[in-house]
Number of protein chains: 2
Amino acid sequence: MDSSSTERTIEYDKLLADFKALLKDKALKFTNQREKILETLYYSQEHLTPEALHLLIKEKYPELNAGIATIYRTLSMLEENDIVSSLSFGAQGKKYELGAKDHHDHMICTECGEITEFVDDVIEAQQHKIAEKFGFKMHDHSMQIYGICKKCQNN
Amino acid sequence: MDSSSTERTIEYDKLLADFKALLKDKALKFTNQREKILETLYYSQEHLTPEALHLLIKEKYPELNAGIATIYRTLSMLEENDIVSSLSFGAQGKKYELGAKDHHDHMICTECGEITEFVDDVIEAQQHKIAEKFGFKMHDHSMQIYGICKKCQNN
DNA sequence: TTATGGTTTGATAAACAGTCTCATTATCTA
DNA sequence: TAGATAATGAGACTGTTTATCAAACCATAA
């Protein structure tokens, strides 16, 4: 499941406990749907579209009969609370991933769509410098490098 | 950071001539609609949604009676040919700008939506290094810093 | 200049992602 | 366990983008 670069920084049990605490704190309810969504995101190595997540959950928990609206609602809630983060793909929608991993940026192959994650300290530091220079109070950023991955270059 | 970074690097006449050459090269036709779209993009200081561009053109050239489909078709064509570039805003669509300016990244205020452009040599250089490290053939990148702009911080 | 053939167009239908509504169901707390 | 209230699924709805197609337009060659 985990190749070294995508190693989880926290265990699922811890994540789930934190999630429950958050819900309690906000007077929200811990539902079966919310649990399965979190779990599916956790055990997926991929960046998932809401639609893909919906399919995965329908396959694994058909009796749950989870609706797509709940997927969207829950993803938004998770994102607001910094549990997941999303990547925009223009008209092609968004892809979500658990944000409990270390922060990272993305390198996207325009041939096969593969997404490689990376962290670069120089870039992280420089972004703060730039925001500061403009009197901008940075609270987030996203960076994507587009190109052709190693595999696709050889095809 | 030089404030000259938003200055046009080429004249409209040159841009138009290049555009005509491109069309000819690809056996595409130079139409009134395509000309006005390019012109409107050139003289706009803003990042425009297809809808906003459509409105601008209807206001300035009502007799052209340009359809929204043509705006979309032309923007796609211009983007494929690296004449414009777009910024994605998830479900809120895309915003386009002429890409004939110097390359730059974007700082986006999540309060008022204002977009500030910047270029940073350290980041530009670092991106190439990162792509190289992964055996990735980079052909493009985009970086956005999200936060609250100076103005909105004081409101 | 005009005829010709292929391209582009506007209108509109359709596809699509994402949001909203609301009656029903589930969860939490006492 | 009951009652209050939040969450859900279904599906209607929105707004953006794409596809379709007959009519209009443009470039070329005579």
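Throughout, a chain's letter reflects where its sequence line sits, starting with A, and its residues are numbered from 1.
To the nearest angstrom, P of D:dT18 lies 14 Å from CE of B:M77. In this structure, A:D25 places its CG atom 15 Å from P of C:dC28, rounding to the nearest Å. Between the NZ atom of A:K36 and the C1' atom of C:dT27 there is a distance of 16 Å, rounded to whole Å. Computed from coordinates, the B:K95 NZ to D:dT17 C1' distance equals 17 Å when rounded to whole Å. Following rounding to the nearest Å, A:H54 (NE2) and C:dT19 (P) show an atom-to-atom distance of 15 Å. As a whole-Å value, the separation of A:Y72 OH from D:dG9 C1' is 15 Å. As rounded to whole Å, 19 Å separates atom P of C:dT8 from atom CD1 of B:I68. The distance between atom CG of A:L22 and atom P of D:dA6, rounded to the nearest whole Å, is 16 Å.
For the residue pair A:E79 and A:S86, a side-chain donor N or O sits within less than 3.5 Å of a side-chain acceptor on the partner. Defined by atom type and a distance below 3.5 Å, a donor-acceptor pair is missing between the side-chain atoms of B:S76 and B:R73.
DNA chain D lies under 4.0 Å from at least one heavy atom of each of the following residues of residues 58-67 of chain A: A:L64, A:N65, A:A66, A:G67.
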_Worked check of side-chain contact (heavy atoms from CB on, under 4.5 Å) between A:Y96 and A:T49_ = CA-CA 6 Å; A:Y96 290 81; A:T49 61; over 6 Å; no
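B:K26 is linked by a side-chain contact (heavy atoms from CB on, under 4.5 Å) to B:L22, B:L28, B:N81, counting only residues two or more places apart in sequence or in another chain. In this structure B:Y12 satisfies the ring pair (Phe, Tyr, Trp, His ring centres under 6.0 Å) test together with B:Y42, B:Y43, sequence neighbours excluded. Applying the side chain to side chain donor-acceptor pair (under 3.5 Å) criterion to B:K151, with sequence neighbours excluded, gives B:E114.
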_Treating primed atoms plus P, OP1 and OP2 as sugar-phosphate and everything else as base, which nucleotides of nucleotides 24-30 of chain D get B, S or - for protein heavy atoms under 4.0 Å?_
--BSS--
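Side-chain nitrogen and oxygen atoms of B:R73 include none within less than 4.0 Å of the OP1 or OP2 phosphate oxygen of D:dT18.
Counting heavy atoms from C-beta on, the side chains of B:L41 and B:K36 never come closer than 4.5 Å. Between A:M143 and B:H141, the closest side-chain pair of non-hydrogen atoms is not below 4.5 Å.
By the neighbour-count criterion of 12 heavy atoms within 6.0 Å, atom CD of B:Q153 is densely surrounded, having more than that number from other residues, nucleotides or ligands. Residue-environment remark: NE2 (B:H139) exceeds the threshold of 12 foreign heavy atoms within 6.0 Å.
The side-chain contact (heavy atoms from CB on, under 4.5 Å) with A:I115 is formed by just one residue from the set A:E97, A:Q144, A:M107, A:H47; it is A:H47.
Remark on DNA chain C: of its neighbouring residues B:L23 and B:A69, the 5'-side contact belongs to B:L23, judged by nearest-heavy-atom nucleotide.
Taking the screw axis at each terminus of the helix from C:dT1-D:dA30 to C:dA30-D:dT1 from five consecutive base pairs, the angle between the two is 40° to within rounding of 10 degrees.
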